[in-house]
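What follows is a single structure, written as structure tokens, with notes after it.
Keep in mind that what you see is a predicted model, and the values were worked out from it rather than measured. Values below: all heavy atoms of this structure, side chains included; hydrogens, waters and symmetry mates excluded.
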Amino acid sequence: MAREQDYSALMRGLQELDFRKRQTPSDLVLIGDHAFPLAMNPRGQVLMAASRYGQGRVVVLGHEEYLTAFPGLVENALSWLMPCADPTPSVGIHQSCSAVADNLCYSAINAELGDFRSGFGVYVCDAYNVEMCAKDLVAFLKAGGGLLIAGQAWSWAEANPKENALLSFPGNKVCSVAGIYFSEHQGELGTFPVPMQIPVSWLSVSIGKDFKEDLEFLLRGVSEFDIRGGATPSEVLVHGPLAFPIGTTPDGRAFIAGAYYGQGRVIVATHEGYLGRESLSTFMVNAIHWLDEGRNGLVGVLPKLKGACTQLNKSGLKCQQTGFKEGLSVYVCTSYSDAQCDEIQDFVAEGGGLLIGGHAWYWAQTHTGCNVMTDYPGNHILNKMGLCLLGNTLSAGLYKARQSKQCAEDYHFRSMLQHFAEHVTLGKKLEEHEQASLKRLGSDCARYLQMQAHECASYASVLTVLTDMVKKAGVPQVCHKCPVKSPKDHLLLNVGAEVYKVCSDPDALLPYIIKDRPNLPTVSNARIRISAKTEGCEEWISTGLYLSPGMKTYIAIPPQIIGKGWKIQIGCQTDNIGKADVLKRAAVVHQRYPVNAEMIQVHNLWGGLIYLIAPPKSQVEDVEVIVQIAVQAPYYKSGETSVEEWVDHIRNAPAPWAELEFENIILTMESEVIRHLDRPDEVAALWDDIMRGIADLAAKPAKFHRKERFVADVQISHGFMHAGYPVMMHSSSARALVDPGKARKTGLWGAIHELGHNQQRGVWEFPPHTTECTCNIWSVYIHETVLGVIRERAHQNMSSDRRLTRAKNYVKSGRDLKNWSVWTALETYMQLQDEFGWDAFKKVFAAYHQMKDVPKNNKGKMNVYAETFSKVVNRNLAPFFKAWGWPIEPSTEERLSSLAVWSDHPMAQFA
């Protein structure tokens, strides 16, 4: 990498750096993409650093004495700083650094003493005499010049206790644009070896400033943040050394945050609506003044943020509705565009203020498969500044403003990471509030690593720290018998998986994450024929192949599907169980790869079955995919696999996951469940009957457009089972799916319930009342008409006594729809079925297939349903539905008035 090459050039020929008997340096704070340490002491303090800005380069030494104390380093630095485009660059040296010129008198370098002027290729100066030419030096750097600057800020800070050293110390007005700051903290001395690679220490992963004074300024007159209402915020990850949370939820998740960046500052609000909200106006005015830094300059407001401009104008600020342009002191915009990303970043680095508002959760929902950390437009601007908008939402509410005195115990990603590293490395006990933050730290580490900012020195440093931590602490070997319960193990499991994805040598890390990997027999150059004709949803195409944990393979892709939105997926369990307190497997165990080349290498830390994912509205016929090496899985497919082949060898294939693919459904489970399955054809017959029954009741073709899927896993995201694609269920329930005899005797209520969920349609659903109700219409139908299990035996809640009791209790409670849900609501439909039969439901569902412009609110939809059912059965059902408390309108009753009234309905007895 270029950064490592820069480091090698700068430290060439140096074995150690002896800081003993030297003057005490400043500890340097590094931010941004380009700054990296050259010398670091055992406390993780940076004493020398280098960076780039624009086309130029800068080397910063923590004390001016080091310009002469380390002549070899200085000579390397001058060579590295020389502009490549200038064949005979001259080195300008400030008079205060004349000793450097004396050291260069025997070299071939053309040195000249004097103040800074144009024409130099490199300039050498101390950090105290640059204030007058700071802007010229920044422009010099940006245009391709080289700068060697040295000094310390701690004595300056002692002499100027009321000043902000990061902003006001002269040297910081230059080198901060490149992400290097002289701090007021003294660096510890000693003799330090020069490592082969850029030095890294977990101690260096720290916050670079006390933000007490910043928060006091920003929260002046602010006691609370009112973010109630329709503006749902995202969360912002505060990850930079000079970034800090401002507005947070009680558990410390930030919806407003700020940061120093170069000579400027930034504040992000995670919804643009907050920028113009009157209840937040005091804070927003404070924010503009903080960003403006006393210049009383022009505030440019993006034209679409009219509310923000109105509120700020009320405060007397000089505001103008405009896009980004020169001459602004503060720019107010949204996070939805990165059109002027570089210009805005330079604007802030060179002293401007940025107030940016917007959320990322909607973008994340509408850009499935994209990485919000790297692809969301606003994060292209914010990531370098130590802030990142996340794809999740926070609850809108009324939150108390943080007090500056609370900062010491506030959660901050970097400080918490440092404390945990100290716990792992030195065994230091964590405080109670730190223990409570470990699970969140694991999640934040995972999201931070997803930035994949390998070109950023700060990111590389955190990645190295986390990699070393995983190697030292190990990763818990999670399984059903060894669940992960402690916050520490949660963190290590989560972080270990994410580090594996992004580290430079995942194979070396694998033994620390999975200690006992199976050595399964493989097949080579497996040829898989695939066809697909998808409609509005993606479809998984099974290959019957499996990859062991960490196992890599190449897949040859036919040209017909390259660049067409297809993906390769490793792993059948797509549930994210990261919110669970106890884990029986890792939180996320599948991996996807875009199909964008003729040959793709794929792997997954946790292994898994191999799938091709066909995107919506795609059509291919009999194309061939070749998998270089993989493990054969037990895979039965109706019409292709014979019972003899299955029994003789296929069911004994070595992969730990198996699939049974039938006419309309695919069952995926651990292989041990099917090792002794002798009659897969009987299982196929069972599920063919069930799925045709599902389609029959829904008034749809018997052949599904997309086969349903079941996956049985050791742990799922919620519930005993849950609907979706695939339907997820616990491993303990898997055997029931492949036992036709038991299914036809005692039923499969839960499984059919979830398939019923997948049939629900918004036009005839009345959430939240019927969410767990109408899916059971399919459960009753399939058990009675397909499995031959009467409803009373299919589920205990379907007994006559319980049905009657529920109806009575509902009437006693006042026929209030707030009590009409689940089994009570199901009784409404069962009374209709008892009277009019299943054909009535089929005709109703069929009618909805042709229906357009159905209301979106429950009241409107309930009236449409009552009218539709009435017309199907040719009876006026309005009295029946009104007896159930439905909001039947007079207009609906009028339209049904010509039909014979169902007067003796079951609810009439409770009149």
Side-chain angles (χ1 to χ4, degrees), residues 361-370 372 375 391 530-543 558 560-569 572 574-576 590 592-596 611-623 625 661-668 687 690-711 717 722-728 752-767 770-771 774-775 777-778 842 844-856 861 864 868:
W361 56 262
Y362 180 77
W363 186 95
Q365 291 174 5
T366 54
H367 291 74
T368 54
C370 294
V372 67
D375 300 334
I530 63 171
S531 298
K533 186 178 181 181
T534 62
E535 294 195 343
C537 302
E538 70 176 27
E539 182 176 342
W540 300 8
I541 300 174
S542 302
T543 65
Q560 294 92 326
I561 66 173
I562 296 173
K564 302 291 180 60
W566 285 65
K567 294 180 177 65
I568 297 168
Q569 178 174 299
C572 59
T574 53
D575 265 8
N576 184 336
H590 74 286
R592 281 192 170 188
Y593 296 85
V595 174
N596 53 17
Y611 299 93
L612 272 296
I613 309 297
K617 301 189 183 301
S618 62
Q619 183 171 352
V620 296
E621 185 67 32
D622 199 33
V623 297
V625 170
E661 180 169 351
F662 308 134
E663 180 185 42
N664 283 315
I665 196 167
I666 303 167
L667 311 178
T668 307
W687 283 101
I690 290 173
M691 298 309 294
R692 288 170 189 158
I694 297 281
D696 183 41
L697 180 58
K700 294 180 179 179
K703 183 74 171 66
F704 279 47
H705 291 297
R706 178 179 71 172
K707 297 182 182 184
E708 294 278 19
R709 283 183 174 270
F710 270 100
V711 173
S717 60
H722 72 74
Y725 182 80
V727 174
M728 295 297 300
I752 309 305
H753 171 97
E754 303 306 339
L755 291 171
H757 270 306
N758 284 358
Q759 292 300 318
Q760 288 174 322
R761 296 295 177 266
V763 287
W764 47 259
E765 269 292 289
F766 319 125
T770 57
T771 303
T774 52
C775 52
I777 297 174
W778 272 265
K842 297 175 186 179
V844 168
F845 291 134
Y848 272 99
H849 294 330
Q850 309 302 320
M851 206 176 293
K852 295 180 180 180
D853 301 322
V854 177
K856 297 186 182 300
K861 289 193 292 183
V864 170
T868 302

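- Not a single donor-acceptor pair under 3.5 Å links the side chain of T771 to the backbone N or O of P767.
- A side-chain N or O of S542 and one of R709 form a donor-acceptor pair less than 3.5 Å apart.
- Side-chain contact between V595 and K564: absent, with no pair of heavy atoms (C-beta onward) separated by less than 4.5 Å.
- Rounding to the nearest 0.5 Å places CZ of R592 at 6.0 Å from NE2 of H590.
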For side-chain contact (heavy atoms from CB on, under 4.5 Å), just list the numbers for H367 and D375, CA-CA rounded to whole Å, side-chain angles, deciding distance to a tenth of an Å, and then say yes or no. CA-CA 9 Å; H367 291 74; D375 300 334; over 6 Å; no

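- Nearest heavy-atom pair, W363 versus C370, reported as atom, atom and distance to 0.1 Å: CH2-CB, 3.7 Å.
- A distance of 9.5 Å separates CE in M691 from CD in E663, rounded to the nearest 0.5 Å.
- To the nearest 0.5 Å, the span separating CE on M851 from OG1 on T868 amounts to 3.5 Å.
- At distances below 3.5 Å, not a single donor-acceptor pair connects side-chain atoms of S618 with backbone N or O atoms of T534.
- Going from atom CD1 of I561 over to atom CG of L612 covers 5.0 Å, rounded to the nearest 0.5 Å.
- One finds the CD atom of E621 at 11.0 Å from the CD atom of Q560 (value rounded to the nearest 0.5 Å).
- Here SG of C775 is found 10.5 Å from CG of L755. Values are rounded to the nearest 0.5 Å.
- Under a 3.5 Å cut-off, the side chain of K861 and the backbone N or O of V854 do not form any donor-acceptor pair.
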Exercise answer: donor-acceptor pairs, residues 699-707 side-chain atoms, under 3.5 Å, sequence neighbours excluded:
from, atom 1, to, atom 2, distance (Å)
K700, NZ, Q759, OE1, 3.1
H705, ND1, E535, OE2, 3.0
R706, NH1, E538, O, 2.6
K707, NZ, E661, OE2, 2.9
K707, NZ, F662, O, 2.9

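- In terms of heavy atoms, C572 sits closest to P726 at O-CG, 4.4 Å.
- Closest heavy-atom contact between W778 and I694: NE1-O, 3.1 Å.
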Kindly indicate, with the supporting measurements, whether the criterion side-chain contact (heavy atoms from CB on, under 4.5 Å) is fulfilled by W361 and V372. CA-CA 9 Å; W361 56 262; V372 67; over 6 Å; no

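- In terms of the side chain to side chain contact (heavy atoms under 4.5 Å, CB included) criterion, D853 has no residue partners (sequence neighbours excluded).
- Scanning all heavy atoms of the two residues, the minimum distance from N758 to R761 falls at O-NH1, 3.0 Å.
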For W566 and V620: C-alpha separation, side-chain torsions, deciding distance, then whether side-chain contact (heavy atoms from CB on, under 4.5 Å) applies. CA-CA 11 Å; W566 285 65; V620 296; 3.8 Å; yes

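- Side-chain atoms of Y725 come within 3.5 Å of backbone atoms of W540 as a donor-acceptor pair (strictly under, hydrogens ignored).
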So V625 and T543, side-chain contact (heavy atoms from CB on, under 4.5 Å) or not? Walk me through it. CA-CA 9 Å; V625 170; T543 65; over 6 Å; no

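- Using a 4.5 Å heavy-atom cutoff, the side chains of H722 and V727 are not in contact.
- Looking only at distances, no side-chain donor or acceptor of E754 sits under 3.5 Å from a matching main-chain atom of M728.
- Taking both residues in full, the closest heavy atoms of I562 and N596 are given as CG2-C, 3.7 Å, listed atom of the first, atom of the second, then distance.
- A distance-only check finds no donor-acceptor pair linking the side chain of S717 to the backbone of N576 [under 3.5 Å].
- Closest approach of I541 to A532, counting heavy atoms only: CD1-CB, 3.9 Å.
- Counting heavy atoms from C-beta outward, T774 and W764 have side chains that approach closer than 4.5 Å.
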